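First comes the structure, then the notes that go with it.
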Protein chains: 2
Amino acid sequence: MSRHSYHIDIESVFEGVCGLFPNLKPEEREIIRNNITCQFYRKGEIIYKEGDVPQGLVCLSKGKVKLYKEGVGGRDQIVRMAKPIGFIGYRALFADENYSATAEALEDAVVCIIEKEAFMGILRNNAELTLHILKSVATELGFSTNRTVTLTQKHIRGRLAESLIFLRDTYGFEDDGKTLKVYLSREDLANLSNMTTSNAIRTLSGFADEGVIELDGRRIKILDQYRLERISDLG
Amino acid sequence: MSRHSYHIDIESVFEGVCGLFPNLKPEEREIIRNNITCQFYRKGEIIYKEGDVPQGLVCLSKGKVKLYKEGVGGRDQIVRMAKPIGFIGYRALFADENYSATAEALEDAVVCIIEKEAFMGILRNNAELTLHILKSVATELGFSTNRTVTLTQKHIRGRLAESLIFLRDTYGFEDDGKTLKVYLSREDLANLSNMTTSNAIRTLSGFADEGVIELDGRRIKILDQYRLERISDLG
DNA sequence: CTCAAATTATGCTATCAAACATAAAATTAA
DNA sequence: TTAATTTTATGTTTGATAGCATAATTTGAG
């Protein structure tokens with residue numbers, strides 16, 4: 001963990017962010033350039049909280065972030081896992097609402113914010129860009145609806161297997177081609193899969209006993225992807 | 001139920017649809033006018049199926065529609081309840097995907113379709129309209145995420161109470177100010193609330209015994225909104 | 001109208017997952 | 001380092017909800 005503040009190369013962060021937008025005009029790039037601010041967050045720090053007012057479009061330039069909602073009985077539900085380079089918190093911004101989830105850094109992270117009105121001004125004059133974003137949000141709505149069904153209908157093993165597959169698809173593997181490139185606590189894994197921590201631990205051990213995965217602390221190695229997918233599909 | 005095809009006043013349907021869009025230019029209205037087709041569906045008929053390819057923007061002009069996904073173990077999950085005048089199936093259209101849910105008429109319904117390319121052409125040149133739609137979809141994504149949490153974390157009574165409140169907010173009351181203006185089977189109510197039909201029947205009877213609602217076949221009269229909301233909030 | 005099918009109702013049983021308890025191991029702080 | 005705290009692990013109990021069975025009622029088709 002870095003002791004003092006981390007050096008942020010704003011120029012490269014800016015280029016990274018712009019790379020997410022299709023066909024920006026020079027004057028639009030300039031507006032973004034003049035309305036972007038960066039910030040460093042250490043592992044475990046909160047980037048924004050459920051209920052906060054969005055100040056702009058938040059871009060995750062470095063580090064992984066979990067987004068979660070506080071559940072009815074204290075149990076959190078992770079609703080999204082973000083990776084760099086990508087946006088977080090845009091749903092609330094575009095819906096003109098307060099944040100509906102809390103964003104927490106899972107690793108040291110660099111985040112930049114494009115000031116709200118500057119960005120919305122670009123959108124109001126760029127239908128292509130707005131349509132591009134609409135497509136992303138519509139795709140995400142599809143994921144969310146699917147998730148509702150699987151989280152409510154699959155059994156514990158199916159839900160956990162699906163989460164592992166989801167993590168594989170989101171973050172990929174380490175160089176060995178087997179170890180998930182994300183290191184979550186059992187509690188986070190539980191909150192992602194809608195189960196208690198004990199059940200996440202138990203079920204994970206079960207998968208390990210069956211030889212589907214291998215565990216080493218928070219390292220999860222997927223040994224048998226086919227069987228994992230079958231467990232997920234069968235519910 | 002009308003025996004033969006129902007007479008559809010295309011002109012008024014067209015005006016109804018355009019009323020959902022802000023500030024349409026005359027030439028845009030003209031494009032829509034020339035690319036709209038109408039169809040009548042009887043109660044119980046399928047408007048489109050999960051997996052079908054969207055042919056355009058579908059507008060529900062008359063009648064109520066349920067949208068559901070087939071669940072893992074045969075149990076369906078209702079993901080949206082649509083009312084006139086409003087759109088259905090737009091998520092798939094904007095995400096450029098096949099439909100992710102099936103749309104079924106709960107009553108005799110009139111539906112019109114604005115041909116896909118004609119409509120997308122308008123969007124590509126109208127950032128204000130696209131932004132307006134983006135806002136709607138972002139708002140709906142918020143609902144969907146909320147729903148995931150409540151459906152997974154609330155107990156049966158809380159889920160059913162929430163569904164009744166949702167139906168009240170969506171369809172409102174009959175003239176008596178108490179009877180829900182939508183008549184669902186117990187199975188639909190169960191599929192909306194993520195529970196078995198038996199449990200929907202049982203829990204509904206429980207609410208009636210407690211004097212929170214009054215039942216008369218599919219008529220549901222909400223007698224005590226405050227208590228119903230408390231049941232929903234407590235989970 | 002008459003019969004068949006679907007829906008609603010209710011009781012009983014089985015089971016999955018939560019809750020609780022305890023302890024070992026790992027991490028963090030002093 | 002040691003002590004405190006958090007995380008992980010595992011066993012047992014409890015409880016909510018699904019599953020099944022049966023019957024009454026309603027709806028719809030012919």
Side-chain angles (χ1 to χ4, degrees), chain A residues 1 3 42-45 66 71-77 104 106-107 149-163 183-209 213-220 231 234-235, chain B residues 1-3 42-45 66 71-77 104 106-108 150-161 163 183-209 213-220 231 234-235:
Chain A
M1 200 180 295
R3 188 115 56 103
R42 272 182 304 183
K43 178 179 173 174
E45 285 185 328
K66 66 171 172 179
V72 193
R75 199 199 316 158
D76 294 337
Q77 175 68 49
E104 180 181 329
L106 289 168
E107 312 168 344
V149 176
T150 59
L151 283 183
T152 54
Q153 298 201 354
K154 283 187 182 178
H155 284 188
I156 275 203
R157 285 168 56 87
R159 297 204 300 273
L160 185 62
E162 183 176 284
S163 289
Y183 300 85
L184 298 179
S185 68
R186 302 293 194 261
E187 188 181 4
D188 280 341
L189 227 32
N191 290 345
L192 185 63
S193 316
N194 181 37
M195 62 185 65
T196 56
T197 306
S198 326
N199 276 327
I201 291 168
R202 229 188 295 271
T203 310
L204 223 43
S205 302
F207 288 171
D209 290 344
I213 62 173
E214 190 181 299
L215 293 171
D216 173 18
R218 295 188 178 185
R219 285 173 59 94
I220 298 176
I231 293 170
L234 293 177
Chain B
M1 200 179 290
S2 67
R3 189 116 55 101
R42 271 183 304 183
K43 178 180 172 174
E45 285 185 329
K66 68 171 172 181
V72 193
R75 198 199 318 159
D76 294 336
Q77 175 68 48
E104 180 181 328
L106 289 167
E107 312 168 345
D108 291 0
T150 59
L151 283 183
T152 54
Q153 298 201 355
K154 282 187 182 178
H155 285 187
I156 275 203
R157 286 168 56 87
R159 299 204 299 273
L160 186 61
S163 288
Y183 300 85
L184 297 180
S185 68
R186 302 293 194 263
E187 188 181 5
D188 280 341
L189 228 31
N191 290 345
L192 185 63
S193 315
N194 180 38
M195 63 185 66
T196 55
T197 306
S198 328
N199 276 327
I201 291 168
R202 229 187 299 269
T203 310
L204 222 43
S205 302
F207 288 171
D209 289 346
I213 62 173
E214 191 182 298
L215 294 170
D216 173 17
R218 293 189 181 185
R219 285 173 59 93
I220 298 175
I231 294 169
L234 293 178

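Since this is a predicted model, take the numbers as computed values, not measurements. Just so we're on the same page: letters track the sequence lines, and every chain starts at 1.
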- Task: Tell me, please, which residues at least two apart from T197(A) pass side-chain contact (heavy atoms from CB on, under 4.5 Å).
- Result: R186(A), E187(A), A190(A), I201(A)
- Item | side-chain contact (heavy atoms from CB on, under 4.5 Å) partners for R218(B), two or more places apart | Y183(B), S185(B)
For [X] and [N], what is the distance between atoms [atom1] and [atom2] respectively, to the nearest whole Å?
{"X": "R157(B)", "N": "dA16(D)", "atom1": "CZ", "atom2": "C1'", "value": "13 Å"}
{"X": "R42(B)", "N": "dG28(D)", "atom1": "CZ", "atom2": "P", "value": "13 Å"}
{"X": "I156(A)", "N": "dA18(D)", "atom1": "CD1", "atom2": "C1'", "value": "15 Å"}
{"X": "L189(A)", "N": "dT8(D)", "atom1": "CG", "atom2": "P", "value": "9 Å"}
{"X": "F207(B)", "N": "dA9(C)", "atom1": "CZ", "atom2": "C1'", "value": "17 Å"}
{"X": "D216(A)", "N": "dA9(D)", "atom1": "CG", "atom2": "C1'", "value": "15 Å"}
{"X": "L215(A)", "N": "dA9(D)", "atom1": "CG", "atom2": "C1'", "value": "11 Å"}

- Message: Just to verify, what does E45(B) make a salt bridge (Lys or Arg N to Asp or Glu O under 4.0 Å) with, not counting sequence neighbours?
- Response: none
Residues in side-chain hydrogen bond (donor to acceptor under 3.5 Å, both in side chains) with [X], at least two apart?
{"X": "E104(B)", "result": "Y68(B)"}
{"X": "N191(A)", "result": "none"}
{"X": "S198(B)", "result": "none"}

- Query: Should L234(A) and H155(A) count as side-chain neighbours, where that means a heavy-atom distance under 4.5 Å?
  - Reply: no
- Item | Side-chain touch R75(A)/N194(A), heavy atoms, less than 4.5 angstrom | yes
- Message: Once salt bridge (Lys or Arg N to Asp or Glu O under 4.0 Å) is applied, what residue pairs with a partner in residues 150-161 of chain A remain, sequence neighbours excluded?
- Response: K154(A)-E162(A), R157(A)-E210(A)
- Of all pairs that satisfy salt bridge (Lys or Arg N to Asp or Glu O under 4.0 Å), the ones with a partner from residues 188-205 of chain B, not counting sequence neighbours: K66(B)-D188(B)
- Value for CG (L204(A)) from CG (L215(A)), rounded to nearest 0.5 Å, stands at 4.5 Å
- Per-nt protein contacts along nucleotides 25-30 of chain C (heavy atom under 4.0 Å; B base, S backbone sugar-phosphate only, - none) come out as ------
Quick one: which protein N/O atoms are closer than 3.5 Å to N/O atoms of nucleotides 19-24 of chain D? Pair and distance per line, please.
| from | atom 1 | to | atom 2 | distance (Å) |
| --- | --- | --- | --- | --- |
| dG19(D) | O6 | R202(B) | NH2 | 3.3 |

- Message: By the definition side chain to side chain contact (heavy atoms under 4.5 Å, CB included), identify the one residue from L160(A), T203(A), I156(A), T150(A) that meets it with S193(A).
- Response: L160(A)
All N/O contacts under 3.5 Å from nucleotides 4-8 of chain C to the protein, with atom names and distances to one decimal?
| from | atom 1 | to | atom 2 | distance (Å) |
| --- | --- | --- | --- | --- |
| dT8(C) | OP1 | R218(B) | NE | 3.2 |
| dT8(C) | OP2 | R186(B) | N | 2.9 |

- Where T152(B) and Q77(A) come nearest, the two heavy atoms and their spacing: OG1-OE1, 4.2 Å
- Bend angle of the helix from dC1(C)-dG30(D) to dA30(C)-dT1(D), from helix axes over five pairs at each end, nearest 10°: 50°
